[in-house]
Structures are given as C-alpha cells and as structure tokens.
Asks: 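Before we start, here is the structure in question, set down as structure tokens.
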Amino acid sequence: TAVGVAILLGLINMFIKPIIVLLTLPVTVLTLGLFILVINAWILMIIDNMVDGLKIDGFLWAAVYSILISILNGVLHWIF
C-alpha cells in the first residue's frame with residue numbers, strides 16, 4: 001500500500017499539481033504561499049479515496065500530513 005501511495009502521490013504531484021497551482025496562483029500569492037498546504041491536503045484526500053489501504057480521518061489530518069511532507073521535502077532538498 002505504501003509503495004502504491006508513494007507512486008500515486010509522485011504522479012499526481014508531477015502532472016496534476018502544477019496545473020492546480022497555476023490555476024490558484026492569485027490565492028496562493030494572497031496567502032503568501034500557504035494555500036499550497038491546502039492543495040497538498042486536498043491531493044492527499046484524493047489519494048485516500050483512490051487507495052483502499054490508506055485512511056485519513058479528515059481534512060485536518062490531511063493538512064498535518066501535508067505540513068510534515070513539506071518539511072521532509074524541504075530538508076531532503078536542502079541535503080541533496
């Protein structure tokens with residue numbers, strides 16, 4: 001399940017997320033980039049509906065996971 005979620009998250013982040021970010025650019029600029037966390041949480045909720053083994057209890061938990069993924073991504077980007 002984890003591998004499937006990782007592959008699906010990678011594909012969605014590669015193909016669909018740039019389109020969503022471009023369409024919501026004015027809101028993202030007004031919120032100084034914080035709307036990206038909402039987009040990430042929304043993507044996690046979509047993946048939750050697509051994968052049977054993943055269970056996210058609500059938008060708040062998706063937002064928490066989104067923040068954790070963003071922090072981890074930033075640390076890994078800084079290292080490499």
Side-chain angles (χ1 to χ4, degrees):
T1 303
V3 172
V5 169
I7 291 170
L8 192 59
L9 183 62
L11 288 172
I12 289 176
N13 279 338
M14 184 181 292
F15 295 113
I16 298 174
K17 185 177 176 183
I19 297 168
I20 295 171
V21 169
L22 186 65
L23 291 174
T24 60
L25 191 59
V27 177
T28 304
V29 170
L30 287 175
T31 61
L32 302 175
L34 291 177
F35 194 72
I36 297 291
L37 295 174
V38 174
I39 293 171
N40 288 338
W42 180 68
I43 289 172
L44 286 173
M45 295 294 289
I46 289 172
I47 293 172
D48 177 38
N49 288 332
M50 295 174 76
V51 177
D52 289 332
L54 180 65
K55 176 72 172 121
I56 299 177
D57 288 330
F59 185 79
L60 180 64
W61 283 110
V64 170
Y65 295 145
S66 170
I67 292 169
L68 292 175
I69 290 171
S70 295
I71 291 171
L72 181 64
N73 189 19
V75 168
L76 290 175
H77 190 282
W78 179 72
I79 290 173
F80 296 111

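Any value given below was found using the heavy atoms of this structure, including those in side chains, with hydrogens, waters and symmetry copies removed. Quick caveat: nothing in here was measured; it's all calculated off a predicted structure.
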Asks: Can you tell me how far the CG atom of L72 sits from the CD1 atom of I67, to the nearest 0.5 Å?
Replies: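 Separation between the atoms: 13.5 Å.
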Asks: How long is the straight-line distance from CG of D48 back to CG of D57, given to the nearest 0.5 Å?
Replies: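 So the gap between those two atoms works out to 8.5 Å.
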Asks: Side chain of S70, backbone of S66: donor and acceptor closer than 3.5 Å?
Replies: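 Indeed, once roles are kept as given, a pair shorter than 3.5 Å links the two residues.
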Asks: Taking a hydrophobic cluster as the set of Ile, Leu, Val, Met, Phe, Trp and Tyr residues connected by side-chain heavy atoms closer than 4.5 Å, whether directly or through intermediates, do V27 and I20 fall within one such cluster?
Replies: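 V27 clusters together with I20.
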Asks: Say you draw a straight line from CD1 of I56 to CD1 of I46; how long is it, rounded to the nearest 0.5 Å?
Replies: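 Here the rounded value is 11.0 Å.
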Asks: To the nearest 0.5 Å, what is the distance between CD1 on I47 and CG on L54?
Replies: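 Answer rounded to 0.5 Å: 8.0 Å.
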Asks: Less than 4.5 Å apart, side chain to side chain, heavy atoms only: is that true for L44 and L9?
Replies: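 When only atoms from C-beta onward are counted, L9 and L44 do touch, with a gap below 4.5 Å.
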Asks: Looking at every heavy atom in both G58 and M45, which two are closest together, and how far apart are they?
Replies: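 Scanning both residues, the minimum pair turns out to be O-SD, 3.7 Å.
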Asks: With heavy-atom distances below 4.5 Å as the criterion, would you say the side chains of N40 and Y65 are in contact?
Replies: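 Contact flag for N40/Y65 side chains = no.
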Asks: Measure the CD1-CD1 distance between I43 and I36 for me, rounded to the nearest 0.5 Å.
Replies: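 I43 CD1 to I36 CD1: 9.0 Å, rounded to 0.5 Å.
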Asks: For N49, is the CG atom crowded, meaning more than 12 foreign heavy atoms sit under 6.0 Å from it?
Replies: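 Count over threshold, so yes.
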Asks: If you measure from CH2 on W42 to OG1 on T24, what distance do you get to the nearest 0.5 Å?
Replies: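 Atom-to-atom, W42:CH2 and T24:OG1 are 9.5 Å apart.
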Asks: Would you indicate whether the side-chain heavy atoms of V5 and L8 approach each other to under 4.5 Å?
Replies: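 SC-SC contact between L8 and V5 ruled out.
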